[in-house]
Amino acid sequence: MPSSNAPILFLAYANDLVDPARKLRFLVPEIHAIRDLLNELVSPPYRVEVRELARLEDIIAVFDRYEGQVALFHYAGHADSFSLMLSNGELGNAPANLDGFARFLGEQPNLQHVFLNGCATEAHAEALVAA
């Protein structure tokens, strides 16, 4: 575990690189712009962590590594009413189930803000509030 107890602002995104019609072509510049803006405007002790083409395991690993320190989680990518479409570790997507992922985020002790930038995330927001 890192020695610093700095709050973590965690940005994760996933993209479909298999189907050209589903590729979110502005996703990478968007995440980089958000990261750069946060790094410019948010002074220490906050730290910004970014996971590109994030798999579920990558997201869990960040929460485990910075146990109790993640204050903000931002997801950008495809979503539907039942899941967030994370990376499958290759070029395609793998679903993160709505209920399980919302429950996981709801268990994070210092998580104050969750931003979901994907289609059809209303049910996710409701599940997060319930969790």
Side-chain angles (χ1 to χ4, degrees):
M1 173 180 244
S3 59
S4 170
N5 287 327
I8 303 298
L9 309 178
F10 180 20
L11 312 175
Y13 70 91
N15 207 347
D16 188 331
L17 302 179
V18 173
D19 182 352
R22 290 186 43 85
K23 182 178 180 188
L24 302 168
R25 61 188 178 125
F26 297 112
L27 185 61
V28 172
E30 175 187 322
I31 291 295
H32 289 178
I34 293 169
R35 178 204 59 207
D36 294 346
L37 187 62
L38 286 173
N39 279 327
E40 181 181 319
L41 296 177
V42 179
S43 56
Y46 288 92
R47 290 190 42 209
V48 178
E49 287 287 325
V50 178
R51 292 299 177 272
E52 302 177 2
L53 298 175
R55 301 171 303 153
L56 181 59
E57 306 89 85
D58 301 326
I59 292 171
I60 292 170
V62 169
F63 279 96
D64 285 348
R65 179 174 184 204
Y66 299 104
E67 185 178 351
Q69 291 176 249
V70 178
L72 176 143
F73 175 70
H74 177 281
Y75 167 78
H78 288 291
D80 61 29
S81 297
F82 308 103
S83 58
L84 299 178
M85 299 309 291
L86 302 176
S87 176
N88 66 4
E90 295 179 14
L91 299 178
N93 293 124
N97 175 277
L98 161 69
D99 293 326
F101 196 66
R103 189 170 34 257
F104 170 77
L105 291 177
E107 293 170 351
Q108 304 309 311
N110 293 312
L111 184 61
Q112 300 171 18
H113 305 283
V114 176
F115 187 90
L116 302 176
N117 182 7
C119 293
T121 55
E122 181 178 359
H124 295 267
E126 292 169 354
L128 284 166
V129 169

- Query: Taking atom CD1 of I60 and atom CG of L56, what is their separation to the nearest 0.5 Å?
  - Reply: 4.0 Å
- Query: When rounded to the nearest 0.5 angstrom, what distance separates CZ in R22 from CG in N15?
  - Reply: 9.0 Å
- Item | Chi angles and distances behind the side-chain contact (heavy atoms from CB on, under 4.5 Å) call for K23, L17 | CA-CA 6 Å; K23 182 178 180 188; L17 302 179; 3.9 Å; yes
- Task: Taking all non-hydrogen atoms of both residues into account, name the closest pair between A54 and L86 and its distance.
- Result: O-CB, 3.4 Å
- Message: Tell me whether E57 at atom CD has more than 12 heavy atoms from other residues, nucleotides or ligands lying less than 6.0 Å away.
- Response: yes
- Rounding to 0.5 Å, atoms CZ (R51) and CD1 (I59) come to a distance of 10.0 Å
- Query: Does R65 pair with E67 as a salt bridge, N-O distance under 4.0 Å?
  - Reply: no
- Task: Walk me through it: do M85 and D16 pass the test side-chain contact (heavy atoms from CB on, under 4.5 Å)?
- Result: CA-CA 9 Å; M85 299 309 291; D16 188 331; over 6 Å; no
- Query: Cluster partners of L72, using ILVMFWY side-chain heavy atoms under 4.5 angstrom, listed by chain and number?
  - Reply: L9, L11, Y13, L24, L27, V28, I31, I34, L38, V42, Y46, V48, V50
- Message: Working to the nearest 0.5 angstrom, can you tell me the gap between D99 CG and F82 CZ?
- Response: 10.5 Å
- Note on the structure: When rounded to the nearest 0.5 Å, the distance separating CG of N97 from OG of S83 is 7.5 Å
- Minimum heavy-atom separation for A14 to S87, with atom names? CB-N, 3.5 Å
- Item | Other cluster members, F115 - Ile/Leu/Val/Met/Phe/Trp/Tyr, side-chain contacts below 4.5 Å | none
- F10/Y66 aromatic ring centres below 6.0 Å: no
- Carefully, step by step, assess N39 and R35 under the rule side-chain contact (heavy atoms from CB on, under 4.5 Å). CA-CA 6 Å; N39 279 327; R35 178 204 59 207; 3.6 Å; yes
- Task: For the pair F73 and H113, evaluate side-chain contact (heavy atoms from CB on, under 4.5 Å) and give the outcome as yes or no after the intermediate values.
- Result: CA-CA 6 Å; F73 175 70; H113 305 283; over 6 Å; no
- Message: For A79 versus A120, what's the shortest heavy-atom pair and its separation?
- Response: O-CB, 4.4 Å
- Message: If I compare all heavy atoms of S81 with all of A123, which pair ends up nearest, and what's the gap?
- Response: O-CB, 3.7 Å
- Exercise: do E30 and N117 side chains pair donor with acceptor under 3.5 Å: yes
- Got a second to check how far L98's CG is from T121's OG1, nearest 0.5 Å? 10.5 Å
- Item | Co-membership, hydrophobic cluster, residues L128 and F101, 4.5 Å side-chain | yes
- Task: Taking Q112 for its side chain and A71 for its backbone only, find out whether a donor-acceptor pair lies under 3.5 Å.
- Result: no
